[in-house]
Each structure stands twice: as C-alpha cells, then as structure tokens.
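Everything below concerns the one structure shown next.
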Amino acid sequence: MEVSLPKMQFATWFKDTSLEINGDTASIIVANSFSKSWLQNHHAKDILEAIQKQEKSVSSLEFTVKKQDQTQRMTLELSPKKAPKSPAETPPVPAKAVIQPTLNASYTFDNFIVGNNSALAYAVAKEAATHPGKKHNPLFIYGGVGLGKTHLAQAVGHEILGKDSSKKIVYVSCETFTNDFIAAIAGKKMSQFKKNYRDADVLIVDDIQFLSAKEGSQEEFFHTYNTLHQNSRQIILTADKIPQAIPALEPRLQSRFGAGIVVDLQPPNLETRIAILQEKSKEKKVVFPDNVLEHLAKNISSNIRELEGALNRLATFCEFNCVSPSISIVNSALGDFISSNNRTVDSSKIISCVCKYYSIGKDDLLGRARKKELVLPRQIAIFLIREQTNKSLPEIGKIFGGKDHTTILHAQKKIESSVLIDSSLKSDIEQIRQNVLSIN
Ligand code: ADP
Ligand code: MG
C-alpha cells in the first residue's frame, strides 16, 4: 500500500494500523473509528487484494478499533458540553476531574488530528504531558495562524489535569499576562499577581511573541519563568515564529525559550484536512457526505480555523434552509469563501520554486545528471511533491524523467531523515514551502 499511495495518505491512514490473520479472515486493527470508516470506504478492496497476494487463503476483511481508543476517549468525556452517550459507550469519568475554566473543553489530544504537519509536535506535547516539568521544559510550539498551537498547548493542560485534578494549570494569552501585570502594578496587587503565576504547576502562555518590545512585562515574565523552571513546573509557550526570530525580545528570554524543545506546526495536507473535517463534523454530530468533506478540504487549504469556519457555515446554512449538504450546496453557501481560498498546489509550482531557489534550470532538475548541485534540489522537489500533492510514487517517477518508484521513495526518505539533523536544510525547505504556498 505504501508504494501505491501518496505518502501522506499512507501516513495518515495506514501508519498506525496492524494486521492479524485468523483462518480466512484478515483483521486490520486501527486506532480509531474515523480511520476505520475511512479505510472501509476507500481502501477495503485494495487492502484485501494486497493481502491476497501474500496469503491466498484470506477471503474476507474486517476492521477493528484498537482497545486503547476507549481510554483515550475518556478525556473527551470530561467535556461538559457533550451530550451523554449510552452507558455502554461511556467509560467511567474519574470522579474528581474538573476542567479548569480557562481551558477550552474541546482542545484535547483526543480531538487533535495528527497529520504530516503535526506528528512531531503532537508526540512531543504528549511526552510533556506524561512527564510534566521533566522532559521538555519549556515546550515551545510555533506555527502560522489557525494551525493548532492553542489547541495543542491546552491539550497538554487537559491531560495533566485529567491525571491529577489538584494540579493548577494557568493558561493565559500573552496579552492577558501583560494586562494582568499592568493592572497589578496600578492596583498595588503585585504579590497576588506573582502568587497566581508562580504557584502554577503548569503555565501556558499563548502567543508569546506579543511580549515583543514590552520591557516591563519581559522583566516580570523572566522572573516568573525562572521561579517555575527552578521548581520543575511545566512551561508551555506558543508563538508565530521561533524564539530567535521574535523581535525586541531580550536575549536572556530568547535563549530560555529555546532551551527546552522547539516544535512547529505546518499547514496540513489534503488527507489530514479531510480527517480534521470528519472529526469536527463528528463533534458537531452532523453527518456530511464524504464527497462534501473532500470538496471543502480540497478548496480550503490555508488554515484549520477557516476549514472549521466553513464547516460551521455549511451546517448552519443547511439547517436554516432545510437542505442536506451536497457539493452544489457548498458552492452556493460558501462560494466566495471557497474561491478566495482556492489554492491548490500542483507539482509544477513546486518544481519552479525549487529551481528558482537554487538558480537551476528546470531541465537540469528533471534530468538525469548526477551532479551534486542538482541531486539535493531534485530530492527536495520530490519530497515536497510527496508532501503537498496527491501524486503517487510512480507518477512522480514519470515527472522526473521516468525514474523508478523506489528511487523516488529513496529521495523522499533521504530528505525526511536529513531534516532531522540538518537545521539549515530544514529552513531551506521551509522557505521553499512558503514560496510554493504563497503563489496564487
Ligand atoms: P492557532 O492557535 O495555531 O492559531 P488554534 O489552536 O486556535 O490555532 O486552532 C484553530 C482551530 O482549528 C481550533 O478550533 C482547533 O480546534 C482546530 N484545530 C487545529 N489543529 C487541529 C487538529 N490537528 N485537529 C483538530 N482540530 C484542529
Ligand atoms: Mg492560538
């Protein structure tokens, strides 16, 4: 399946699955019910054929949701807004667990769809939640607007609270921190202010880039930070850029912010966007046909908040007009929204951005010459095409002068492993990706 599918599709739907064969029945064990229904609807036939190539005796295929999914669901049940489910479906809620009011009840790990864009950030955030204050401190999450920074940061808070409801989780936007600070000075309530922040077991400050140029707040935050850090309290920060790129931020803060772990959230690809829409429609308890979700995901690629907004608009439109969602309803309800968002990435854009970035000709990039200065850009182009488009390995092979699919896979894996150790390569790729995504 890995060879025949676009990379992200494989990563999104197949990576966490396993296979068991009992007699003539093959079972695919999947992580959750969304994956189950997606695989059933889209890939059942191909999976069965692939298995039958190896195991002729298999004649039927079933999909089973992994048990662990039920324990993960418990966090979801903490949400006060959700309607109660039937007893059989509802795992017991820990008696003392209370959601602190500043956390958004639906920003849990359970509701966070992990895709190509967020796998590392998610894994690291989970680890931070498992070992608060010990493993990744501070946890610094950066990325563009609407890509899930707040959601992920709060998910850590929820998870820690779910395990121990006595923990004090303080979540503030950077602006709230700054305003609180100013109010505390004005009202001579500094000791109360300090206590509130320095007593936290977990401090989450969202959009920390707004500390920029605010000297007094930076000074105060520096002390808050040090107190918490010295006491091994977990600190989570989010921003739209890496610490070193935040302007007018004291160097001592910059270095502290980068001293734990810095992870990024990138724009999600098509499969991840579809998965997110499925999750959101499930949360809303509204059923949208698969083709409608796919249509939305194809046409709105800029950020997850807009994707969600479109889904809400569509749901309201349908309810109000008593119609059921279809592609033509999407177009009439969201026409302008969709056309202003319509930015599909095609491989030729990627190729021209890579050529421009490295000042090389298109024929050289797509050709067969093995010169060093061509090989890396070629591998990067292949990597980005795998990431941003739905092309399969053989299709990409064709674009690059009839290369074998294994060569394409090799190039992709090469870059995947190189970016982990080579930060300048990583930033080159990020820059090219931005260039690609900013072409209309
Ligand atoms: P940011 O803080 O980066 O601007 P948010 O965390 O506020 O973005 O996310 C915007 C919206 O998109 C929220 O409603 C959030 O629940 C949703 N969202 C973002 N990422 C995901 C994801 N991976 N899975 C599910 N929902 C997501
Ligand atoms: Mg945010």
Side-chain angles (χ1 to χ4, degrees), residues 8 11-13 15-16 31-35 38 72-73 75-76 78-79 81-82 99 102-126 129 139-159 171-178 203-211 236-242 246 262-284 286 288 293 296-297 300-315 337 341 437:
M8 286 317 155
T12 308
W13 303 111
K15 212 183 65 207
D16 295 328
N32 54 52
S33 46
F34 315 120
S35 308
W38 179 272
Q72 283 180 3
R73 294 265 142 210
T75 2
L76 193 99
L78 293 172
S79 157
K81 280 195 213 136
K82 299 241 153 63
I99 284 191
T102 50
L103 295 180
N104 181 324
S106 56
Y107 288 177
T108 60
F109 280 123
D110 206 27
N111 290 348
F112 190 89
I113 301 295
V114 187
N116 63 310
N117 57 316
S118 58
L120 179 67
Y122 177 87
V124 166
K126 266 269 180 194
L139 165 61
F140 191 100
I141 305 169
Y142 77 95
V145 175
L147 294 181
K149 302 182 294 293
T150 301
H151 187 141
L152 200 54
Q154 292 203 7
V156 179
H158 276 296
E159 180 117 332
Y171 166 86
V172 281
S173 66
C174 185
E175 276 177 309
T176 305
F177 179 86
T178 311
L203 175 65
I204 308 170
V205 184
D206 213 351
D207 293 313
I208 196 83
Q209 74 271 11
F210 290 121
L211 268 189
I236 304 165
L237 306 169
T238 77
D240 61 353
K241 39 181 102 57
I242 56 170
I246 300 175
V262 177
V263 288
D264 62 332
L265 288 171
Q266 294 291 333
N269 65 6
L270 178 67
E271 283 77 16
T272 310
R273 295 200 297 276
I274 295 175
I276 290 171
L277 286 172
Q278 287 180 329
E279 164 71 29
K280 299 291 174 193
S281 44
K282 203 177 162 204
E283 277 173 34
K284 281 183 224 320
V286 183
F288 295 94
L293 295 185
L296 281 176
I300 300 171
S301 53
S302 45
N303 79 52
I304 299 168
R305 190 174 296 128
E306 290 196 357
L307 206 55
E308 208 180 338
L311 196 72
N312 289 340
R313 238 166 102 170
L314 182 62
F337 197 70
N341 262 286
L437 296 175

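A quick note: this is a predicted structure, and the numbers were derived from the prediction, not measured. Note that these values count all heavy atoms, side chains included, but never hydrogens, waters or copies made by symmetry. Atoms within a ligand are numbered from 1 in the order they appear, just like the ligands themselves. Residue indices begin at 1 and follow the sequence shown.
- The backbone of Asn111, and not its side chain, has at least one atom closer than 4.0 Å to an atom of ligand 1 (non-hydrogen atoms only; backbone = N, CA, C, O).
- Closest protein heavy atom to atom 14 (O) of ligand 1: Glu308 OE1, 2.5 Å.
- For ligand 1, the polar-atom distance check against Ile276 finds no nitrogen or oxygen pair separated by under 3.5 Å.
- Here Thr150 meets the criterion, with an N, O or S atom under 2.8 Å of the Mg ion (ligand 2).
- Between Phe112 and His151, the ring planes lie perpendicular to each other; the angle is over 60°, past the 30° to 60° tilted range.
- Counting heavy atoms from C-beta outward, Leu311 and Phe288 have side chains that approach closer than 4.5 Å.
- Taking distance alone, with nitrogen or oxygen atoms compared against 3.5 Å, Leu152 stays at or beyond that limit from ligand 1.
- An N or O contact shorter than 3.5 Å is missing between Val145 and ligand 1 by distance.
- Contacts between Lys280 and ligand 1 below 4.0 angstrom, taking non-hydrogen atoms only, involve the side chain exclusively.
- Side chains of Ser106 and Asn111: a donor-acceptor N/O pair is absent below 3.5 angstrom, by distance only.
- The shortest N or O to N or O distance between Ile113 and ligand 1 is below 3.5 Å.
- Side chains of Val263 and Leu139 form a contact here, defined as non-hydrogen atoms less than 4.5 Å apart.
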